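First listed ligand is number 1; within each ligand, the first listed atom is number 1. Note that the structure is a prediction, hence the values are computed from the model and not measured. We're numbering straight along the sequence, starting at 1.
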Amino acid sequence: MVVGEVWEAGDAYEAYVGRWSRRVAARFVPSLGVPAKVGWLDVGCGTGVLSAAVLALAEPARVTGIDPSRGFLSSARVAVPGVGYAVADARHLPFADGTFGAVVSGLALNFVPGTARAIAESARVAAPGAVVAAYVWDYAEGMELMRYFWDAALLLDPAIAGLDEGLRFPLCRPGALRAAWEDAGLLGVTVAPVDVPTPFASFDDYWLPFLGGQGSAPAYVATLSASHREALREELRHRLPDGAFELTARAWAVRGVR
Ligand SMILES: C[S@@+](CC[C@H](N)C(=O)[O-])C[C@H]1O[C@@H](n2cnc3c(N)ncnc32)[C@H](O)[C@@H]1O
């Protein structure tokens, strides 16, 4: 089975991942050590989660966000004004060499076919000495809300093993991230975990965002029959605590210097 990503509806994205991405962004931006008053580029900015953290925490001269999703950019323009948004692809950035004082990306690079090209483009548009950094989910282990999902989904249908993001995205491991950054010629490369709590008020607070269609797991749910969807829901309900509960979401953050 082939199920791609869907990135279009900003509200559904917020409930599924945006609310957790925001917590990672708030830890990631200050950790980069970027000086105030520089221009930032947010690659794969989506609904503007990471751009908002840059505006709030980094005293930027200006922030530019690019993304191929017009739907997400429409949400971003409303939710996070003050950013210069453009429809563009990470592999073909419409900027001159050395334009930005910092180039960042949140939860996006693993979705770009030909990631090496995208990282090379990020390095190209960074000024000499600028930070180039990104974070991606630790799909294989520490991103627990998705791990619970795929472990339950695989139990019900082992044939979908290829959809598991832990297998699909080999970039999202510390060694692979480091190698990708070093291959792009970036210097002083570091990789570190960013762990954030993901508190859920109830099982429905966990489950309902999977019905929103945005992202890999929700796109898979949208393909299921009503009975299979109900079986998956029951399997997850069985595995997760009753009432309010908390999981952890781990992202891997990689940082280098142009
Ligand atoms: C999980 S969302 C992350 C959005 C946002 N950065 C955040 O942290 O919430 C992944 C984003 O990658 C974008 N994306 C997918 N393919 C891309 C490409 N080739 N170039 C740039 N962005 C891409 C999607 O449109 C989507 O907005």
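Under a 4.0 Å N-O distance rule, the pair E144/R147 does not qualify as a salt bridge.
Set against the non-hydrogen atoms of S21, the atoms of ligand 1 under 4.0 Å away are 7 (C), 8 (O), 9 (O). Remark: ligand 1 atoms within the under-4.0 Å shell around heavy atoms of F72 are 27 (O). Near G46, meaning under 4.0 Å from one of its heavy atoms, ligand 1 places the atoms 4 (C), 27 (O). Listed by number with element, the atoms of ligand 1 under 4.0 Å from a non-hydrogen atom of D89 are 19 (N), 20 (N). Near S69, the atoms of ligand 1 lying under 4.0 angstrom from a non-hydrogen atom of the residue are 25 (O). Set against the non-hydrogen atoms of V112, the atoms of ligand 1 under 4.0 Å away are 17 (C), 18 (C), 19 (N), 20 (N).
Shown here is D97, whose CG atom has more than 12 heavy atoms of other residues, nucleotides or ligands within 6.0 Å. More than 12 heavy atoms of other residues, nucleotides or ligands lie within 6.0 Å of CZ in R124, so this atom counts as buried by the packing criterion.
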Exercise. Decide side-chain hydrogen bond (donor to acceptor under 3.5 Å, both in side chains) for Y206 and T198; before the verdict, give the C-alpha distance in whole Å, the side-chain angles of both, and the deciding distance to 0.1 Å.
Key: CA-CA 9 Å; Y206 170 85; T198 56; over 6 Å; no
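The shortest side-chain heavy-atom distance between L50 and C45 does not fall under the 4.5 Å cut-off.
Taking the six-membered ring where tryptophan is involved, the planes of F149 and F210 are essentially parallel, since the angle between them stays under 30° and well short of 60°. By the 30° and 60° cut-offs, the orientation of the rings of Y139 relative to F111 is perpendicular.
If you look at C45 next to ligand 1, the close heavy atoms, those under 4.0 Å, all belong to the backbone.
Remark: R250 is positioned above the aromatic ring of W252, its terminal NZ or CZ atom under 6.0 angstrom from the ring centre and at most 45 degrees off the axis.
Of the options P113, P68, A108, G48, the smallest heavy-atom separation from atom 23 (C) of ligand 1 is shown by P68. Proximity annotation for atom 1 (C) of ligand 1: of V136, L107, V104, V17, L107 comes nearest, heavy atoms only.
For the pair D42 and ligand 1, the shortest N or O to N or O distance does not fall below 3.5 Å. Considering backbone and side-chain N/O atoms, G18 never comes within less than 3.5 Å of an N/O atom of ligand 1.
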